[in-house]
Q: 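Shown below is the structure under consideration.
Counting begins at 1 with the first residue of the sequence. On a predicted model such as this, the values are computed, not experimentally measured, just so you know. All ligand and atom numbering here is 1-based and tracks the order in the structure.
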Amino acid sequence: MSDYLAIDHIDQVFQRGAATSEVLRDVSLRIAKGEYISIIGHSGCGKSTLLNIVAGLLRATRGGVLLEGREVNEPGPDRAVVFQNHSLLPWLTVYDNVKLAVDKVFRATRSKSERHDWVMHNLDLVQMAHARDKRPGEISGGMKQRVGIARALAMEPKVLLLDEPFGALDALTRAHLQDSVMEIHQKLGNTVLMITHDVDEAVLLSDRIVMMTNGPAATIGEILEVPLDRPRRRLDLAADPVYIRCRSAVLEFLYARHRAPTLAA
Ligand SMILES: Nc1ncnc2c1ncn2[C@@H]1O[C@H](COP(=O)(O)OP(=O)(O)OP(=O)(O)O)[C@@H](O)[C@H]1O
Ligand SMILES: [Mg+2]
């Protein structure tokens, strides 16, 4: 199998003084180039921890991550992260927030005017070019999130890592941004690893849904293939038997077999 991104036998143990907590145990996952993978699981099971290991922000206690056969040890522009709490720099404009990332990655290889065009192209992709001169404090949460996505895409990452990217948004904005991310994924063929709590979002966007067991020592419980053709349209899918079957399978995993610890009888 041609593994583009391989998560290989990861354990994560946190140690604070005498207290030890085993968060992840033996997590392995092989991802093909261009795949859209969602990770779903109850709060606190270790999803963000896993994403941070892939991002290179955290070193696994055991095991490791390989991207195109090379070990990932630190953050790099080949893996862009979009966090749930949009992490734009508040003192920079929308344009400059994206420009900062573009300059970092392309200063040596693209001219000033090419870099400018590239910033504008990515702001266009998320329909934020009109707000280029605004600061984060002057735009809505959904707009900030779109700028965060533009900034990540502008780095032309091999892998896009999304930690509940739409979690803080209202339903309409969320639907709109999901559609934009689907279009961008279709157009650019990025490999995406996305954490979500939302079952419909996972089914709509993913090629495969990775379902995690509850912690401590959480691991991958099951992986569900979503064999729906692309492009996908949310309105058509509501009554699609494959969509309904996938949705039920995830709900069944989360709420029947692996209920949240506080809810379990
Ligand atoms: N740096 C750390 N030191 C100690 N414990 C940590 C650290 N980071 C995370 N944890 C613990 O690891 C567990 C998993 O945390 P994580 O943030 O990965 O969960 P999550 O699945 O992303 O949850 P949520 O869905 O609420 O975002 C939690 O019990 C958390 O307290
Ligand atoms: Mg998290």
Q: Do D163 and S48 get their side chains close enough for a donor-acceptor pair, meaning under 3.5 Å?
A: yes
Q: Can D200 and Y243 be counted as having a side-chain donor-acceptor contact under 3.5 angstrom?
A: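 Their side chains do contain a donor-acceptor pair, which is all the 3.5 Å distance test asks for.
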Q: Output yes when the distance from some N or O of ligand 1 to some N or O of V23 is under 3.5 Å, and no in every other case.
A: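 V23 vs ligand 1: no N/O contact under 3.5 Å.
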Q: Check ligand 1 against G46 and write out every atom of the ligand that is under 4.0 Å from a heavy-atom position of the residue.
A: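 It comes down to these atoms of ligand 1: 14 (C), 16 (P), 18 (O), 19 (O), 20 (P), 21 (O).
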Q: To which of T49, I53, I195 does the heavy atom nearest atom 16 (P) of ligand 1 belong?
A: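 Checking each option, the heavy atom nearest atom 16 (P) of ligand 1 is found in T49.
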Q: Mark yes or no: R110 above the aromatic ring of F106, with NZ or CZ under 6.0 Å from the six-membered ring centre and no more than 45 degrees from the axis.
A: yes
Q: Any side-chain donor-acceptor pair under 3.5 Å between N52 and T49?
A: no
Q: Taking E222 first and then R257, would you say they form a salt bridge - that is, a charged N and a carboxylate O separated by under 4.0 Å?
A: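 Salt bridge flag = yes for R257 with E222.
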Q: Could you work out, for atom 17 (O) of ligand 1, the closest of A19, P216, G41, S48 by heavy-atom distance?
A: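 Among A19, P216, G41, S48, the closest heavy atom to atom 17 (O) of ligand 1 belongs to S48.
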Q: Less than 6.0 angstrom from the centroid, inside 45 degrees of the normal: does R132 satisfy that with respect to the ring of Y95?
A: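 Here R132 passes the 6.0 Å and 45° test against Y95.
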Q: What's within reach of the Mg ion (ligand 2), meaning protein N/O/S atoms under 2.8 Å?
A: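 Under 2.8 Å from the Mg ion (ligand 2) - ignoring waters, which are not counted - the protein N, O or S atoms are S48 OG.
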Q: Only heavy atoms count here, so choose which of S43, S21, A218 is nearest to atom 26 (O) of ligand 1.
A: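 Of the listed residues, S43 has the closest heavy atom.
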Q: Taking side chain to side chain contact (heavy atoms under 4.5 Å, CB included) as the criterion, tell me which of L162, I39, V81 meets it with L193.
A: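 Considering L162, I39, V81, a side chain to side chain contact (heavy atoms under 4.5 Å, CB included) with L193 is found only for I39.
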Q: Under a 3.5 Å cutoff, is there a donor and acceptor pairing between the side chains of D26 and H9?
A: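 There is such a pair (donor and acceptor under 3.5 Å, judged by atom type) between the side chains of D26 and H9.
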Q: Is the closest side-chain donor-acceptor distance between T20 and Q15 under 3.5 Å?
A: yes
Q: What's the shortest distance from atom 14 (C) of ligand 1 to any protein heavy atom, and which residue and atom give it?
A: G44 O, 3.3 Å
Q: For D229, look at atom CG and say whether over 12 heavy atoms of other residues, nucleotides or ligands are found less than 6.0 Å away.
A: no
Q: Could you tell me whether ligand 1 has any atom less than 4.0 Å away from a heavy atom of E164?
A: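 Yes, E164 has heavy atoms under 4.0 Å from ligand 1.
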Q: Name the closest protein heavy atom to atom 25 (O) of ligand 1, giving the residue it belongs to and the distance to 0.1 Å.
A: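 Checked against all protein heavy atoms, atom 25 (O) of ligand 1 sits closest to K47 NZ, 2.7 Å.
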Q: Between R25 and Q12, does the side chain to side chain donor-acceptor pair (under 3.5 Å) criterion hold? Intermediate values first, please.
A: CA-CA 7 Å; R25 183 185 292 172; Q12 183 63 42; over 6 Å; no
Q: Is the closest protein non-hydrogen atom to atom 30 (C) of ligand 1 under 4.0 Å?
A: no
Q: Check for me whether H197 has a heavy atom closer than 4.0 Å to any atom of ligand 1.
A: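 The answer is yes: ligand 1 sits under 4.0 Å from a heavy atom of H197.
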Q: Could you tell me whether some N/O pair between F14 and ligand 1 is separated by less than 3.5 angstrom?
A: no
